[in-house]
There are 2 protein chains.
Amino acid sequence: MNISPKSQAFVLHFGEMGSRWGFNRTVGQMFALLTIHPEPLNADQLAEALTISRGNVSMGLKELQAWRLVERQHIPGDRKEYFTTSGDIWDLARVVFEERRKRELDPTLTLLRSQLLEAPQDKQEAYAQEKMQEIYELLEQMNAFANSLNNLPPQQLKVLMSLGAGITKLLDFKNPLKKSDDKKNGEE
Amino acid sequence: MNISPKSQAFVLHFGEMGSRWGFNRTVGQMFALLTIHPEPLNADQLAEALTISRGNVSMGLKELQAWRLVERQHIPGDRKEYFTTSGDIWDLARVVFEERRKRELDPTLTLLRSQLLEAPQDKQEAYAQEKMQEIYELLEQMNAFANSLNNLPPQQLKVLMSLGAGITKLLDFKNPLKKSDDKKNGEE
DNA sequence: TTGAATTTTCAGAAATTTCTGAAAATAATA
DNA sequence: TATTATTTTCAGAAATTTCTGAAAATTCAA
């Protein structure tokens, strides 16, 4: 279990970023290591390579499995369980994306939905509800958009992404804007 | 500074979600309260309403200002500074989105870019670099996509979002896929 | 200027999250 | 079945993040 300095740097970096992406440092490190390591690794190897406790590895693997980011494998003749990240990076990204959608949007949508059912009792509440309504609509739309991205077959997803700024053209076609559009309407 | 129970619930919820969106509980609460409150509030009012210390409010406001999520206002005849969330919810969402893009993608892109410049020293490193390359391309594409969404004028952004699943149609038009597409090719 | 009002800072306290390691549980083999 | 290998659990330790409150800095007005 010797890792080159470069790989080391990558693993540590992923650890630091992990918390921004929704899991903790060691989980991020484990994920990174499993990704760049050609062969599957067992829990002891992970613990040794990352110098963290066996227990921590066990918990981390549990979490990665819950996220469906790693796969269990068995090596004939070896009783230990081995792990790798499952195939395609794009699939992994999709999983992270979807998991975050669930955690970051769903709960708030649920709360707002129930809040908006009740009638406001006074002026103040009416104003608050107006704002909640706006937030609700925004989040609902982001949610729907995220869902449709998620359901796109991989190939189309890539096409859409690579479209990048060119997306504007497409929109113009679908929804030709009146010249009276807001702000920047210089060219064409 | 009396808040209705409903507003209270909303504020608390935003506090809990805050950490998932990239800021801490009290910052989330402050943001929520400033959003649903019709009039701007000063630091003392925030501290009282949320029962947190004056110092914490000061730090929170600093952070919200760094995110460009709140605006300072002055009320004639009052020496205190007052704050509100700036206008449109969609603008605020854009700011959060962009801020997260910066924090969650940029650092990793930078690291990977430099890692990929160096030639791999052995088989193991070569494999690791292959994976890093894949991740790099993925993140780079997400990044470009996020940027183009961010630069879309508000109106078009809404159109795109509301297009939702219908986006597929558009893609078919722009990039008609050969029947030999991967995996799911049943209908049409 | 001076001084009162207001805001900011930051060391240490409190709360929260993550990690360890030994014990318990589970699984495989003999 | 008993024995050994392996994994999981979880109480408390360690690390990290957030919060408080008093002191320092700043701003404004007289």
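What you see is a predicted model; the values in this text were computed from it and never measured. First the proteins, then the strands, lettered A, B, ... as listed; each starts at 1.
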Integer-rounded Å distance: D:dT7 P and A:M30 CE: 12 Å
Any residue of residues 52-66 of chain A with a heavy atom less than 4.0 Å from an atom of DNA chain C: A:I52, A:S53, A:G55, A:N56, A:M59
Stepwise side-chain contact (heavy atoms from CB on, under 4.5 Å) check, B:K158 with B:M161: CA-CA 5 Å; B:K158 286 186 201 176; B:M161 290 268 195; 5.6 Å; no
side-chain hydrogen bond (donor to acceptor under 3.5 Å, both in side chains) contacts touching residues 8-17 of chain A (sequence neighbours left out): A:H13-B:T108
Under 3.5 Å, which protein N or O atoms sit close to an N or O of nucleotides 26-30 of chain C? Give each pair with its distance.
unit_1 : atom_1 : unit_2 : atom_2 : d
C:dA27 : N3     : A:R79  : NH2    : 3.4
C:dA28 : O4'    : A:R79  : NE     : 3.4

Separation of atom CG in B:L46 from atom P in D:dC19, rounded to whole Å: 14 Å
Name every donor-acceptor pair, under 3.5 Å, that has one atom in a side chain of residues 30-41 of chain A and the other anywhere in the protein, sequence neighbours excluded.
unit_1 : atom_1 : unit_2 : atom_2 : d
A:T35  : OG1    : A:F31  : O      : 2.8
A:H37  : ND1    : A:E39  : N      : 3.3
A:H37  : ND1    : A:E39  : O      : 2.8

Listed partners of B:E137 passing side-chain hydrogen bond (donor to acceptor under 3.5 Å, both in side chains), at least two apart: B:Q133
All side-chain hydrogen bond (donor to acceptor under 3.5 Å, both in side chains) counterparts of A:E81, not counting sequence neighbours: A:R72
A:Q45 (side chain) donor-acceptor with A:N42 (main chain) under 3.5 angstrom: yes
Positions of residues 33-45 of chain A (non-hydrogen atom under 4.0 Å from DNA chain C), listed by number: none
Distance in angstrom units between B:D78 CG and D:dC28 C1', rounded: 13 Å
Parallel, tilted or perpendicular: ring planes of A:W21 versus A:F23, cut at 30 and 60 degrees: perpendicular
Set of side-chain hydrogen bond (donor to acceptor under 3.5 Å, both in side chains) partners for A:E71, sequence neighbours left out: none
Members sharing A:L117's hydrophobic cluster (side chains within less than 4.5 Å): none
Pairwise side-chain contact, A:E98 with A:N147, heavy-atom cut-off 4.5 Å (strictly under): yes
Test item: B:R100 side-chain N/O and B:G22 main-chain N/O as donor-acceptor pair under 3.5 Å: no
Connected-component partners of A:Y82 among ILVMFWY, side-chain separation under 4.5 Å: A:I75
Which residues share a side-chain hydrogen bond (donor to acceptor under 3.5 Å, both in side chains) with A:D44, sequence neighbours left out: none
Residues from residues 17-26 of chain A lying under 4.0 Å of DNA chain C - heavy atoms: A:N24, A:T26
Distance, rounded to the nearest Å, where B:F83 contributes CZ and C:dT6 contributes C1': 11 Å
